[in-house]
Every structure is written in C-alpha cells, then in structure tokens.
Amino acid sequence: MQFTVKRATAADVEALVDLMEEFYAEAGFTLDRSSNAAALQELLLHRAMGCIWLGLSNEVPIGHAVLTVRFTMEHTGLSGYVDDLYVRPQFRRGGVGQALLTELAAECRVRGCKSLQVEVGEPNAAAPALYGKFGLRAATDGRVLASGPILEARA
C-alpha cells in the first residue's frame with residue numbers, strides 16, 4: 001500500500017475531525033465536531049503546544065497522530081504525549097501507524113522532549129506492540145490515571 005505522511009495544517013481540520021469522529025466511535029464515545037474542530041485549530045495555531053500529522057493514500061486521509069507537549073517535573077523537562085493516534089481499519093497493519101509515530105517521535109527529539117507518554121485502552125491489543133517499537137511500555141508502578149474537568153475543590 002502506498003501512503004504519505006504530512007504535517008497537518010488548518011486546511012486539514014475537517015478531515016481530521018472526520019478521523020477523530022471515527023476514532024471516538026470505535027471507543028464508544030460521541031465527538032462534538034464543533035468543539036474538536038476549534039481545539040484542532042487552536043493546536044495548529046499554537047505550535048509550542050504540539051502538532052498533528054495526517055496519513056494519506058491517494059490524497060485521501062487514512063489516519064492521524066496528535067502530539068501535545070507539556071513540562072513535567074518527573075522528567076525535569078518537556079514531555080511529549082501521543083494525544084491521538086488513529087488509522088482507518090482498512091489501512092491498519094500497513095505501516096501507517098508506525099510512520100505517523102516516527103514523525104511524532106522525531107518532533108519530540110527536535111523539541112528536546114525527555115519522555116513520551118501514551119494512554120491506550122485495554123481492548124486495543126495491537127497498540128502495545130506498536131508503541132513498544134518506540135520504547136513505550138505500560139506502567140508497572142501502580143500509577144492510576146485520574147482525569148476530569150477543572151472544578152473548585154470540595155470540602
């Protein structure tokens with residue numbers, strides 16, 4: 001299969017939202033297209049926060065990867081986060097995910113990131129093997145990911 005990977009631009013937002021909608025649907029989530037389009041625009045506008053790659057086959061979008069960057073005390077510097085990685089089912093196992101991650105990891109090196117993290121749902125058996133090629137392993141130190149909206153502290 002022939003494909004290319006390019007850095008996404010504002011002109012790609014609609015295609016990225018389509019891919020995100022498919023990705024979220026696989027996990028049983030509904031995507032708010034408007035909010036996510038605005039978030040993609042924001043990320044593309046503020047390159048210091050991260051960047052996005054788009055996989056294409058015959059100029060048709062087939063996958064994407066989103067990098068966000070943050071400073072972590074644990075790693076005493078910048079840390080990359082694979083915020084989204086999705087490849088349409090009919091294009092999986094053809095090297096697209098690896099090509100997207102290769103670009104993402106290269107960007108992390110250029111930015112001086114000291115670590116890279118990713119969150120993977122348990123039913124996704126292929127993901128750990130792909131991420132393992134990039135040295136990413138599941139935490140075994142008992143950490144639990146907690147997340148939610150910013151709220152006022154409760155007494």
Test log, rule side-chain contact (heavy atoms from CB on, under 4.5 Å), inputs L19 and L54 = CA-CA 10 Å; L19 289 164; L54 188 60; 3.5 Å; yes

Check: N36 side chain, R33 main-chain N or O, donor-acceptor pair, under 3.5 Å | no

Please check if V87 and L56 belong to a single hydrophobic cluster, counting links between Ile, Leu, Val, Met, Phe, Trp and Tyr side chain heavy atoms closer than 4.5 Å.
-> no

State, yes or no, whether a side-chain contact exists between Y81 and V69 at a heavy-atom distance under 4.5 Å.
-> no

Flag side-chain contact, heavy atom, 4.5 Å: R70 against Q117 = yes

Do you know the tightest heavy-atom contact between L16 and I52?
-> CD2-CG2, 3.8 Å

Going only through I, L, V, M, F, W and Y residues with side-chain contacts under 4.5 Å, is there a path from L43 to L31?
-> yes

Euclidean distance, R88 CZ relative to E26 CD, rounded to 0.5 Å = 11.0 Å

SB check E107 R7 (cutoff 4.0 Å) = yes

Is there a donor-acceptor pair under 3.5 Å between the side chain of R111 and the backbone N or O of L78?
-> no

Compare all side-chain heavy atoms of V118 with those of L116 and state whether any distance is below 4.5 angstrom.
-> no

Donor-acceptor contact present, side-chain D32 to main-chain S35, <3.5 Å = yes

Just checking, any donor-acceptor pair under 3.5 angstrom between side chains of S79 and K114?
-> no

F23 reachable from L130 in the ILVMFWY side-chain graph, under 4.5 Å edges = no

Atom of M20, atom of L40 and distance for their closest heavy-atom approach = SD-CD1, 3.7 Å

Smallest separation among heavy atoms of Y131 and L85, with atom names = OH-CD2, 3.3 Å

Between W53 and V60, is there a shared hydrophobic cluster once you connect ILVMFWY residues whose side-chain heavy atoms come closer than 4.5 Å?
-> no

Flag side-chain contact, heavy atom, 4.5 Å: E21 against Y24 = no

Return the minimal non-hydrogen interatomic distance between F3 and I62, and the atom names on each side.
-> CB-CD1, 3.9 Å

Any ion pair linking E74 and R143 (charged N to carboxylate O, less than 4.0 Å)?
-> yes

Taking everything shown except F29 itself, do over 12 heavy atoms lie less than 6.0 Å from its CZ?
-> no

Would the number of heavy atoms belonging to other residues, nucleotides or ligands and lying under 6.0 Å from CD of Q2 be above 12?
-> no

Looking at side-chain heavy atoms only, is the closest gap between D18 and P61 below 4.5 Å?
-> no

Report yes if some heavy atom in the side chain of H64 is under 4.5 Å from a heavy atom in the side chain of D84; otherwise report no.
-> yes

When every non-hydrogen atom of L67 is compared with those of G80, the smallest separation belongs to CD1-CA, 3.8 Å

Side-chain heavy atoms of R92 within contact of Y86, under 4.5 Å | yes

Taking every heavy atom of V5 against every heavy atom of A99, the minimum-distance pair comes out as CG2-CB, 3.8 Å

M49 and E42: CA distance, side-chain angles, deciding distance, side-chain contact (heavy atoms from CB on, under 4.5 Å) verdict = CA-CA 9 Å; M49 293 191 305; E42 183 81 8; 3.9 Å; yes

